[in-house]
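Below, chains carry the letters A, B, ... as their sequence lines are ordered, and counting in each starts from 1. What you are looking at is a predicted structure, and each value in this text was computed from that prediction instead of being measured.
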Amino acid sequence: MAVEAKSLSTPIHGVDDEEAELREQLMFDPRPREELNRMVMESMVHTTPRYWAVVAFLAVVVLVCLFGAWGYMIATGIGLAGVRKPVYWGVFIVTFVFWIGISHAGTFVSAILRVFKAEFRRPFTRAAELMTTFGLAAGALYPLIHLGRVWVFYWMIPYPNARWLWPNFRSPLVWDFLAITTYLLSSTIYLYLPLIPDLAMARDRTKGWRHAVYKALALGWRGTEAEWARLRKAITIFAFAIIPVMFSVHTIVSWDFAVSQTPVWNSTIFGPYFIVGAILSGVSAVVTILVILRATLKHMDYFIRKEHLDALGKLLLVFSMAWAYFFFNDYLVSWYGGYEAVRKVLFFHSSGPDAWIWWSMIVFNVVIPWLTLWNRRIRRTPWVMLIITLLINVGMYFERYTIVPMTLAHQRFPFDWGTYVPRIEIIISIGTLALFILLYMLASRFIPMVPVWEVREGQEAHMIRQIGKARVPTVSELE
Amino acid sequence: MAEEKQTGRWGMVIDLDVCTGCNACVTACAMENNIPWTGEEDAGYGRGMHWIRVQRYWEGEYPDISPHYQPVMCQQCGRAPCEPVCPVFATVHSEEQQINLQVYNRCIGTRYCANNCPYIARSFNWFDYSQQIPTPMNYYLNPNVTVRRRGVMEKCTFCVQRIYEGQERAKAEGRAVRDGEIVPACAQACPTDAIIFGDLSDPDSRVSKAARNQRRYTLLEELGTEPKVTYLKGEGTYGG
Amino acid sequence: MSEKLTRRNFLKLTGLGIAATAVLTGCGPASRYVLRRPYTEMPEYSQIGKSTYYATACRECPAGCGMIMRTFEGRAIKAEGNPAHPVNRGKLCPRGLTAVQGLYNPDRYKTPVRRSRRGDARTEALSWDEAIEIVRSALNGDPQRVAFYLGLNADHVFDFVEELTRTKGMPAPVRFGALGMFEARATLVEAARQVFGKATLPFFDLADADLVLSFGANFLETWLSPVAYSRAFGDFRRRGEPLKKRGYLVAFEPRLSLTAGSADEWYPLTPGTEGAVAMALGKLLVESGAVRMPEMLENNYRGVNVEAVAQAAGIPQEKLEHLAQLIARAERPLFLPGGGALGHASGLENALQIFALNVALGRVGQPGGVFLIAGEEKADSLESVQTLIQRMQAGEVDTLFIHGANPLFELPKSLGFEQALSKVRQVISFATFPDETSLFADYVFPDHSPLEGFGYVRVLAGTPRFAISAAQPVVVPLYDTRATVDVLIAASGLPYTDEVDFIQQKLQPVFQRSGAPELATFWARFLQQGGYWEDVGESPDSADLSTVPAKVLLPERAGEKTFHLVVYPTQMGDGSGANRPWLQETPDPMTTVMWNTWVEINPKTAEELGIHNDDIVRLVSSAGQIEAVAYLYPAIRPDTVAVPFGQGHTALGRFAEGRGVNPAEVIQSLTNTVGDLAVGDTKVRLEPTGKRRPLSRLESKSGVYGEH
Amino acid sequence: MPRDIVHLALFKEEQLNEAAEAIQVLREMGISDHEISVISGAPLQEKMLGRPMTWTRIPLIGISGALVGFLTALFFNFGTPLLYPIRVGGMAFQTIPTSFVTIFELTMLGLLISTFIGVFVETISPSYGPQGYDERISDGYIGVLFSAPAELDARMHEALTALGAEIVHRAEAKKLWLF
């Protein structure tokens with residue numbers, strides 16, 4: 001069969017309507033590498049006074065709400081938080097799980113979509129990976145913040161004390177420690193590896209301190225065949241290996257709850273349920289961030305397009321359904337089992353004084369996505385997507401709130417029930433939210449937010465082919 | 001360590017038919033074990049440090065209503081759910097006494113053990129409550145019991161300091177520990193003697209005999225935690 | 001190399017090695033024999049020294065339990081019960097357990113002081129010489145113008161003051177305390193006197209009874225000798241030989257107390273109908289023909305209308321019949337006349353009727369029956385206090401000495417003690433604590449804390465045997481305090497060298513009884529064992545039923561808008577326990593409330609009045625009004641509200657001040673025929689205030705009451 | 001032997017075919033493959049340019065790391081409880097179900113960390129073949145670096161320019177990293 005293929009690298013003349021529509025997609029709207037480089041470099045160095053004002057504000061919030069409040073709490077006692085008997089874990093753990101969930105975005109987008117060659121991933125893998133790293137950084141603070149004696153946190157690290165006593169490797173908290181360490185390290189590396197060619201690009205285009213830093217970080221990258229081959233190999237290893245690590249992290253987080261004897265926590269489905277929830281919240285957060293980046297970062301409207309929101313919106317719908325499936329599965333089985341303590345907890349989830357949290361969770365996680373995301377117009381409208389994804393994340397936060405303090409509050413002895421009212425937790429949680437945004441904002445002016453070489457690679461591999469009478473977008477096997 | 005002979009599986013029986021719910025055990029425990037008070041607001045917000053508490057439930061409707069008392073403390077589980085979840089071995093099983101120990105020095109305050117305790121028997125030092133004891137009231141603090149600082153978990157120890165003292169005394173006198181020689185503060189104070197404490201490995205001890213009573217049950221038996229505290233059903237449900 | 005390594009060098013090297021190891025590991029060679037363990041062991045597992053144990057008497061309430069105080073390096077550590085003591089047999093109640101928190105309370109008086117303005121917390125320190133001079137001049141004035149107000153403890157201070165007033169021709173001291181007031185102790189003594197011919201508290205042998213009907217006796221918490229009765233209750237329930245039958249407890253109380261909570265049957269009767277219920281039971285017993293009783297009683301009972309009594313008391317008639325059957329079947333029934341029954345206008349009649357049932361069933365002097373206590377109870381009724389107040393009002397008192405009591409807090413405000421106090425020229429308090437009364441004293445000459453001084457307590461309630469508890473100092477006095485008896489001896493010139501000398505003289509008759517070879521031996525044993533007691537008790541030989549009335553007045557029921565008020569003492573005792581943080585933090589057994597005062601209201605009543613849990617309600621009586629937090633208590637009559645006594649201090653140190661309210665503000669000063677406070681006859685109105693203040697409770701409201 | 005001069009032939013992004021051809025030309029001129037190296041701004045597969053496959057030890061390093069992690073985990077799970085036997089929750093000192101978690105995590109940690117270390121070490125270790133760099137590479141240019149004896153200069157220039165290459169004579173090895 002004679003097929004006429006045109007590489008999109010060369011501008012096609014005589015564009016008809018069909019092609020114009022195709023050109024709405026980034027991959028079919030190629031620009032020369034030089035120009036892409038320029039756009040990314042500009043986005044990186046371009047700042048406004050408003051940007052700095054926001055950064056300064058966030059820095060103050062981080063200083064006061066996170067470090068100030070935390071320091072005060074270290075000096076006075078964990079009692080400043082609202083935790084109590086029997087709700088020994090509260091918003092700290094809720095926020096911890098939330099951030100760990102957010103951190104699933106990067107790996108999901110970048111590793112799973114990479115493995116499955118989902119081409120729409122290309123422009124925002126880095127944005128998502130950054131979320132992973134910063135989400136983990138924010139989340140990993142919480143096991144420390146929540147400790148009663150944070151100054152001896154290092155006793156959890158696997159090393160023997162003076163009397164050859166090691167940590168307890170049967171404790172899910174040690175697993176947590178290992179898993180989070182593994183995930184934090186590997187996701188940071190996974191962020192870094194594909195960044196090297198872009199750092200080299202930035203190195204070649206900067207002077208002064210930026211040049212020095214990029215030079216150091218680019219590891220002398222020249223782009224030789226060996227370097228590319230190594231990178232490809234490493235990225236492949238990482239892409240395949242980091243997926244189970246990602247699953248393991250949130251599974252272990254779920255085991256913190258599931259291995260205990262607490263009613264409702266003790267559930268075998270918690271692992272996948274948590275993972276699906278994490279991906280739902282992570283992908284939502286990616287959409288949120290993409291919408292914001294698109295609006296605030298220079299030239300981003302070129303890289304991030306409605307097609308991406310559209311694709312992610314579909315993913316969100318799928319994950320919202322998956323979440324609902326797992327949630328219902330967990331709920332039904334627990335409810336049907338009829339164990340009294342479990343039924344009590346479930347009753348209090350949906351009918352207790354804090355039931356509005358549970359109901360909001362259902363509305364935000366299921367009702368709203370299901371009612372909206374099936375619609376292509378909605379999926380392609382950035383501000384609507386911004387609202388929907390923010391709500392999904394609120395819903396996911398509420399899910400964790402339901403699971404942690406609202407479950408602990410009603411255990412087997414009704415005499416010892418206790419309602420939990422968060423106190424300083426809220427301030428510290430705001431502090432880490434600010435920390436996350438601050439880190440992200442700073443990174444956006446320091447790290448090329450778009451993996452130029454990957455976009456370019458994709459654009460080169462995409463072409464429009466004439467098959468019969470139609471022009472069909474295709475992807476070459478080039479990779 | 002296991003090289004010593006297996007005696008002294010300490011256990012307790014609480015006869016709910018005799019328990020009047022008077023809370024003397026609560027006070028006695030606090031006075032023996034240097035448990036700090038927390039004040040009105042914190043105590044009301046579930047931060048009371050009581051190692052033992054008397055759960056009071058109501059049964060029936062007025063006028064045929066009666067309270068049901070159940071003193072609950074750490075049940076010293078044989079298979080304690082709190083123990084394996086601690087990342088730093090701060091709560092461990094004592095092979096000698098077969099009880100559940102809390103090592104304050106090692107505790108880093110993850111509070112996982114308390115979450116995993118189905119009996120909600122653990123108290124956490126949310127603040128430096130014991131530092132708030134004004135001088136000279138701290139004079140009465142028991143020198144044999146650690147004064148806990150903030151950020152660590154604590155719980156009933158079966159008055160392990162008394163167990164040790166009794167064992168050492170018996171050893172020094174070259175004899176076995178006599179039944180009833182070692183009593184924790186709660187059992188010592190209990191005005192109706194509803195709390196019986198002793199060695200479960202000795203079948204003739206008072207506690208062993210009481211634990212074989214037909215009215216016996218353990219709390220949340222279905223969890224398989226193998227508690228060392230046995231309750232005897234109250235309110236006239238007599239069998240043997 | 002090896003051939004050059006001589007044995008000598010080898011040893012040197014080894015030594016060096018060991019030394020190096022020792023230095024490196026930071027321990028000497030002994031570490032080789034020490035099993036190194038990580039911190040799986042707490043410091044609890046090492047014995048750091050030997051404790052010293054002192055037997056002494058618990059002086060927290062008048063029961064006189066034996067206490068063993070563990071001391072370590074001169075500090076009192078832990079109060080334990082004295083296992084040998086006949087009253088408490090090794091047990092203690094929460095009050096006794098927290099005795100050390102009283103001893104080491106930071107708010108104690110530290111020196112003798114003069115107060116320039118009454119009610120002002122500011123004082124100026126005096127020396128003991130000046131203090132004694134002041135007491136001396138007060139004692140040397142007109143003996144008729146001196147008054148002593150002492151607490152309820154039957155201790156050596158009371159004996160000394162009695163002797164002092166007798167010698168000097170002063171009016172006899174008033175001995176009165178809140179615990180006696182709420183259980184109408186004088187009424188009980190008077191009833192015993194009338195029936196058994198001896199003014200003493202009766203002892204009820206709970207342990208050997210098989211059926212106990214308690215008429216408002218909260219004997220597990222505060223009544224007479226709670227630890228003794230609690231121990232007996234344990235035996236009563238867990239009985240072995242000869243009855244082999246679990247004791248069965250029936251309680252008649254308008255509000256379910258701790259005791260009623262442990263009862264097998266609880267009848268919320270109308271306050272004040274206890275005597276009538278006793279009569280109705282007597283009548284039913286006579287009718288059943290199962291019991292033979294003195295004719296005189298049968299005649300008495302004949303006129304009882306059981307139906308009317310059932311109606312008035314609010315107990316269904318068939319329940320009374322069921323109870324009569326229970327009694328008829330019981331081998332050893334026992335009837336307790338408690339404070340709830342006695343603190344009414346008809347209190348004496350109620351007491352006599354209840355005694356009559358005991359007599360009718362032949363329970364006097366029998367195992368599981370009523371005994372008389374060896375000692376003589378001289379507690380005063382409220383009447384003596386009223387007399388004293390009248391004297392004070394009339395300006396007939398120049399100097400009022402107060403020891404071991406806090407009348408300004410304990411007495412119903414309507415008695416007007418505070419106003420009367422202002423008419424007294426000079427008030428001298430021997431309080432160890434800045435309590436309300438001592439705050440209005442011109443001089444405070446602090447006594448030792450009970451754990452710092454010598455003394456004794458006559459056991460007047462907890463055992464029928466002759467018993468006297470010995471008190472001895474367990475620690476060196478913390479502050480510049482002085483034993484009140486010492487001060488009074490020095491000031492009065494009575495022929496004793498000091499307190500111990502007085503105690504020993506006073507114990508001469510006991511020493512004679514004991515058969516000890518010499519006083520020193522007796523004294524040593526007395527202190528070492530924590531007292532002196534004999535094995536056998538007395539029992540009343542006869543009972544005189546002539547005073548048992550043929551008719552008991554049925555009290556009027558609470559009106560549509562008014563409620564019976566039940567005021568009951570708690571683990572805080574007479575209120576002096578409120579400065580012990582651990583008594584405050586020990587939950588109230590029934591409500592699990594800590595650190596505050598609550599009003600118990602039946603949930604149905606509360607619903608009608610629109611009151612919710614944790615709402616602040618106002619209680620108004622003709623005597624005054626208080627505001628306290630509502631606790632919807634499911635086990636109280638709908639026409640009754642109950643308030644615990646002991647909180648609401650305006651003084652008494654940091655742990656007590658400004659906490660809760662004092663129900664003494666609303667108690668009407670009604671008295672019964674004996675002159676005891678008819679505390680159960682106070683009626684109050686309830687008014688919601690619209691304010692809220694959550695109570696500090698151990699229980700979960702939502703878990704226990706299903707309330708969010 | 002006098003040092004050969006290093007040349008850099010730059011091709012535009014889309015001149016991939018020409019670059020492949022140029023390599024072929026150079027090879028025909030007698031310049032062996034190891035004297036040529038290709039640098040590019042986008043990943044090019046060796047096959048595209050007809051170049052021999054580069055060989056890397058990264059998978060090997062990664063697997064060794066995984067093995068180390070696995071062994072560490074074995075020690076953590078089954079060794080450390082014996083160093084200090086402490087009984088918890090009625091469990092055995094060495095529990096198999098819980099060990100899988102640690103084994104998995106540490107194996108993965110070993111694999112991923114060592115993979116990165118492999119990349120890092122291989123990247124910073126001196127590479128053979130002609131050095132040299134041009135900043136246009138990161139603009140997508142494809143650079144063919146080769147060292148050729150001086151006598152070939154003219155021929156080579158001609159042939160490569162004909163293919164559209166821009167020749168950088170004596171391409172300098174730049175100091176691109178810290179050392």
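Under a cut-off of 6.0 angstrom, the local environment of OH in B:Y217 is crowded, with over 12 non-hydrogen atoms contributed by other residues, nucleotides or ligands. For B:E41, the CD atom counts as loosely surrounded, since its 6.0 Å shell holds 12 or fewer non-hydrogen atoms of other residues, nucleotides or ligands. Residue A:Y159 qualifies as enclosed at atom OH: its count of foreign heavy atoms under 6.0 Å is above 12.
Using a 4.5 Å cut-off between heavy atoms, A:Y154 does not touch chain B at all. Only the side chain of B:T225 has a heavy atom closer than 4.5 Å to any heavy atom of chain A. With a threshold of 4.5 angstrom between heavy atoms, A:P143 does not approach chain B through any atom at all. Within the 4.5 angstrom heavy-atom criterion, only backbone atoms of A:F257 (N, CA, C, O) approach chain B. Contact annotation for A:L80: both backbone and side-chain heavy atoms come within less than 4.5 Å of a heavy atom of chain B. Only the backbone of A:W255 comes within contact range of chain B, with heavy atoms under 4.5 Å apart. Heavy-atom distances place no part of B:R149 under 4.5 Å from chain A, backbone and side chain included. In this structure, the portion of A:L408 lying under 4.5 Å from any heavy atom of chain B is its side chain and not its backbone. Within the 4.5 angstrom heavy-atom criterion, only backbone atoms of A:A81 (N, CA, C, O) approach chain B. Only the side chain of A:Q411 comes within less than 4.5 Å of a heavy atom of chain B; its backbone N, CA, C and O stay farther away.
Side-chain atoms of B:R150 do not come within 3.5 Å of backbone N or O of A:R149 as any donor-acceptor pair.
Residues B:Y112 and A:P172 come closest through the heavy atom pair OH-CG, 3.6 Å. Minimum heavy-atom separation, A:H146 to B:T110: NE2-O, 2.9 Å. When all heavy atoms of A:K85 and B:R122 are compared, the closest pair comes out as CE-O, 3.0 Å. Taking all atoms of both residues into account, the shortest heavy-atom contact from B:F124 to A:I78 is CE2-CG2, 3.3 Å. The heavy-atom pair separating B:N105 from A:W155 by the smallest distance is O-CZ3, 3.0 Å.
Summarising the geometry, atom CG belonging to A:N161 is positioned 5.0 Å from atom CZ belonging to B:R106; distances are rounded to the nearest 0.5 Å. Rounded to the nearest 0.5 Å, atoms OH (A:Y339) and CD (B:E222) are 4.0 Å apart. Atoms CZ and CG, from A:R412 and B:L220 in turn, are 6.0 Å apart once rounded to the nearest 0.5 Å.
Within the 4.5 Å cutoff, the side chain of B:M153 has heavy atoms near those of the A:Y88 side chain.
Taking the six-membered ring for Trp and the full ring otherwise, the centers of B:F89 and A:W166 sit at least 6.0 Å from each other.
Heavy-atom pairs under 4.5 Å with chain A were tallied for B:C107, B:P118, B:G46; the largest tally goes to B:G46. No other option in B:D42, B:V72, B:V152 has as many heavy-atom pairs under 4.5 Å with chain A as B:V152. Comparing A:G418, A:S171, A:A341 by how many heavy-atom pairs each has under 4.5 Å with chain B, the most go to A:S171. Contact count versus chain B (heavy atoms, under 4.5 Å) is highest, among A:V83, A:N266, A:D256, for A:V83.
Between A:F415 and B:Y57, the ring planes lie perpendicular to each other; the angle is over 60°, past the 30° to 60° tilted range.
Using a 4.5 Å heavy-atom cut-off against chain A, the contacting residues of residues 80-87 of chain B are B:P81, B:E83, B:P84, B:V85, B:C86, B:P87. Chain B is approached within less than 4.5 Å, heavy atom to heavy atom, by A:L173, A:V174 from residues 173-186 of chain A, ordered by number.
Relative to the six-membered ring of B:Y45, A:R423 meets both conditions, a distance below 6.0 Å and an angle of at most 45° to the axis.
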